Number of protein chains: 2
Amino acid sequence: MAATLHDVARVAGVSFKTVSNVINHHPHVRDTTRAKVEKAIAELGYRPNLTARSLRSGHTGAITLALPQLRLPYFAELADAVIEAAAKRGLVVLIEQTGADRKRELEVMASPRLKMSDGLIFSPLALGQEDADLIKADVPIVLLGERIFDSSSDHVTMQNVPAARAATEHLLDLGRKRIAVVGAHEGEVIGSAGLRLRGYREALEARGIPYDDGIVAYVVDWHRSNGAAAMHDLLDRGVSFDAVFGLNDTLAQGAVRVLQEAGYRVPDDVAVIGFDDLDETRYTLPTLSTVDPGRTEIAETAIRMLLERIKDPAGTPPREVETAFRVVARESTMGSAAGAA
Amino acid sequence: MAATLHDVARVAGVSFKTVSNVINHHPHVRDTTRAKVEKAIAELGYRPNLTARSLRSGHTGAITLALPQLRLPYFAELADAVIEAAAKRGLVVLIEQTGADRKRELEVMASPRLKMSDGLIFSPLALGQEDADLIKADVPIVLLGERIFDSSSDHVTMQNVPAARAATEHLLDLGRKRIAVVGAHEGEVIGSAGLRLRGYREALEARGIPYDDGIVAYVVDWHRSNGAAAMHDLLDRGVSFDAVFGLNDTLAQGAVRVLQEAGYRVPDDVAVIGFDDLDETRYTLPTLSTVDPGRTEIAETAIRMLLERIKDPAGTPPREVETAFRVVARESTMGSAAGAA
DNA sequence: ATGAAAGCGCTAACAC
DNA sequence: GTGTTAGCGCTTTCAT
């Protein structure tokens, strides 16, 4: 059986409260007493029981991160960033996968397990704007992503519209005139696809270039194979284009492969840009130009807001934060001179 | 404030123990009583406090998974599998990233936070065989990977040697004679690289083909860029080969890209096989032949062993389990007829 | 079939 | 500075 505070107190010859004071770095402990206690702690290999501490103190030192699937690279990198940001604040992270399933997304918020943590960082993929009122739990929530705005929770999101616009402008600035889109979602207005397509349209409009639905390829979801399928679709249509905006990196990668297979040179014949700045985009051939949506900032902001909300649940009205983005120009738009990995 | 058992008991007009019985599905509760209690629970929106339950019962319903980095696709997919396997048993998963740092790997086992979970699934990357005695913690451990054998913990590992041998044999069976290796580790004997290279050598020996160090490319770590660098190295050597065994999928992907860039056709000129069966290998062009090392089985076995060990810590001596593997033949070795995604 | 009492290991108030 | 007391919300044991 593991040693308890009482065991330590007995061995050190002090009261068990004194041991607690030492452990919690209370100021008023005599040095000699502290030394005695520390010796006893070392001797017994005492470790505080965090469960007991949680029960008493009302907080656990853990947070929950709920996301669709770690198998999707974007979410793996998001989780990586959240865990690192949490570690900096001394928090551990409990991960729940929802599989982008509506029922499981709702369950995450209702589960008693959530109370094993102090708060929830939630990246829904099935719930949408119409579910804004369902975003609530026994712990504070920080919402991530582009699917729900104006809920009663704090929200961290990327600047999808301006970032997509900047990506498109990057291609326009390079002299490209006919920019195809890979990965649009039929009829979507908000959500990543809808917002990024809006940014694309804004960039075109600003330069007086008419929008042409003929060079926009739609997909059902952003799975890996669909970028390739969408590009096949575009090639089959026989339309001409000199650049491609993949609405995320995975789609862009699929598009690049199909272009290469069909004999097009990237970027010489067709320039390609993605979105997300996944780690792997730095190691493909050519390296993939993309938009860094500020993943580290998303993670750190989410943690910071969650901690503020945990400390003071009703402190301020719900906040919306948008992170800074940055166009990352690599070989797929600039050629090999610009961005050897 | 959240409702407690006592609140429910008061509203239902029963003792608070009866409420506990209902919640824990004890058999001996009269139906009418149960109904009363359930009504009160619904009325108050009662949720059990899992922290209190943990303190009293001594187990938390959570396990810790410690791995290098979720950003590495192999570990992201492993974590995905572990979380799903845990969910099937009603467990949640707390993830710690060690960054493949020796100090952090040791800290994971020493941290009091570990006691917020019932056990540890640990995939070390910095610790090695010489550290076998350091693998211990306040909770049961199931060790994953190829770096440490014969510790005092249960261990789940893939069949690296036979699986690598099978991958090599797959290439030999296709008539390939000169099989280059990408990703060997200088001087390594155990560890994924050492074991897989052994499997490769065994396959050659069995067919009477001499081992040629001239077509083995060494790397320092299995980072994404190194597969490409290793292939450049091989091409620079001017050696000839008609197949490549990438010691993992990431390396193999890098090798494929460099081969294609250099004008070789895959698989016509050079067949390529990887190792790990990452999700993405099904969506590259060509799709990548690889070895499925049994990731789902690894996850499920680890969870099962951990639960057994939690229930009965000293039950049996430490166990070593090796999972079943399977060569997955795709386009990079078989051509497009065999494996359209 | 239901209830009363004890206590998991700790922190927080308050006394000394 | 240090000790005493109470109790977080629950499960467990034992009694009824």
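Note that these values count all heavy atoms, side chains included, but never hydrogens, waters or copies made by symmetry. Note that the coordinates shown come from a computational prediction; the quantities given were computed from them, not determined experimentally. Letters A, B, ... mirror the listed sequences (proteins, then strands); counts begin at 1.
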To the nearest Å, give me how far apart [atom1] ([X]) and [atom2] ([N]) are.
X        : N      : atom1 : atom2 : value
B:Ile23  : D:dT11 : CD1   : P     : 7 Å
B:Leu5   : C:dA4  : CG    : P     : 14 Å
B:Asn21  : D:dT11 : CG    : C1'   : 10 Å
A:Met116 : D:dC10 : CE    : C1'   : 15 Å
A:Arg10  : C:dG9  : CZ    : C1'   : 14 Å
A:Lys36  : D:dT2  : NZ    : C1'   : 11 Å
B:His6   : D:dT11 : NE2   : C1'   : 12 Å
B:Asn49  : C:dC10 : CG    : P     : 17 Å

Partner set under side chain to side chain contact (heavy atoms under 4.5 Å, CB included) for [X], not counting sequence neighbours:
X        : result
A:Lys115 : A:Asp138, A:Val139
A:Arg147 : A:Leu125
B:Ala324 : B:Glu297
A:Ser15  : A:Lys17, A:Thr18

Checklist entry - Looking only at heavy atoms, which two atoms of B:Pro124 and B:Leu144 are closest? And how far apart? => result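 The answer is CD-O, 3.5 Å.
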
Checklist entry - Closest to the B:Pro48 side chain: C:dT11, D:dT2, D:dC10? => result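 Ranking C:dT11, D:dT2, D:dC10 by closest atom to the B:Pro48 side chain puts D:dC10 first.
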
Next on the checklist: Among D:dG9, C:dT2, D:dT2, which nucleotide has an atom closest to any side-chain atom of A:Thr18?
Outcome noted: D:dT2

Next on the checklist: Base, sugar-phosphate or nothing for A:Thr33? Non-hydrogen atoms, less than 4.0 Å.
Outcome noted: sugar-phosphate

Item to check | Along DNA chain D (nearest heavy atom to each residue), the more 5'-positioned of A:Asp31 and A:Phe16 | outcome: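 Looking at DNA chain D, the more 5' nearest nucleotide goes with A:Asp31.
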
Checklist entry - Got a sec, which residues hit ring-ring contact (aromatic ring centres under 6.0 Å, His included) with B:Phe16, two or more places apart in sequence or on another chain? => result B:His6

Next on the checklist: Restricting to salt bridge (Lys or Arg N to Asp or Glu O under 4.0 Å), what partner residues turn up for A:Arg10, sequence neighbours left out?
Outcome noted: A:Asp7

Next on the checklist: Can you list everything that forms a salt bridge (Lys or Arg N to Asp or Glu O under 4.0 Å) with A:Arg34? Sequence neighbours excluded, please.
Outcome noted: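 A:Arg34 satisfies salt bridge (Lys or Arg N to Asp or Glu O under 4.0 Å) with no residue once adjacent residues are dropped.
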
Next on the checklist: Which residue in the set B:Glu322, B:Glu146, B:Glu320 passes side-chain hydrogen bond (donor to acceptor under 3.5 Å, both in side chains) when paired with B:Thr157?
Outcome noted: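 Exactly one candidate clears the test, B:Glu146.
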
Quick one: which protein N/O atoms are closer than 3.5 Å to N/O atoms of nucleotides 13-16 of chain D? Pair and distance per line, please.
none

Checklist entry - Just to confirm, is there a sub-4.0 Å distance from OP1 or OP2 of C:dA4 to any side-chain nitrogen or oxygen of B:Ser15? => result no

Checklist entry - Would you say a side-chain N or O of A:Ser20 is under 4.0 Å from OP1 or OP2 of C:dC10? => result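 Result: no.
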
Tell me which donor-acceptor pairs under 3.5 Å the side chains of residues 61-76 of chain A have, and how far apart each pair is, sequence neighbours excluded?
from, atom 1, to, atom 2, distance (Å)
A:Thr64, OG1, A:Ser117, OG, 2.7
A:Arg71, NE, B:Asp80, OD2, 3.3
A:Arg71, NH2, B:Asp80, OD1, 3.2

Checklist entry - What residue pairs, at least two apart or across chains, pass ring-ring contact (aromatic ring centres under 6.0 Å, His included) with a residue in residues 110-149 of chain A? => result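 Matches after skipping sequence neighbours: A:Phe149-A:His155.
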
Next on the checklist: Contact list please: residues 52-61 of chain A against DNA chain D, heavy atoms, distance less than 4.0 Å, in numerical order.
Outcome noted: A:Leu55, A:Arg56

Item to check | Inter-end axis angle, the helix from C:dA1-D:dT16 to C:dC16-D:dG1, with every axis fitted to five base pairs (rounded, 10 degrees) | outcome: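 End-to-end axis angle: 30°.
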
Next on the checklist: Taking the side chain as everything from C-beta on, heavy atoms only, tell me whether A:Ile41 gets closer than 4.5 Å to A:Ile23.
Outcome noted: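 Yes. Closest side-chain heavy atoms under 4.5 Å.
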
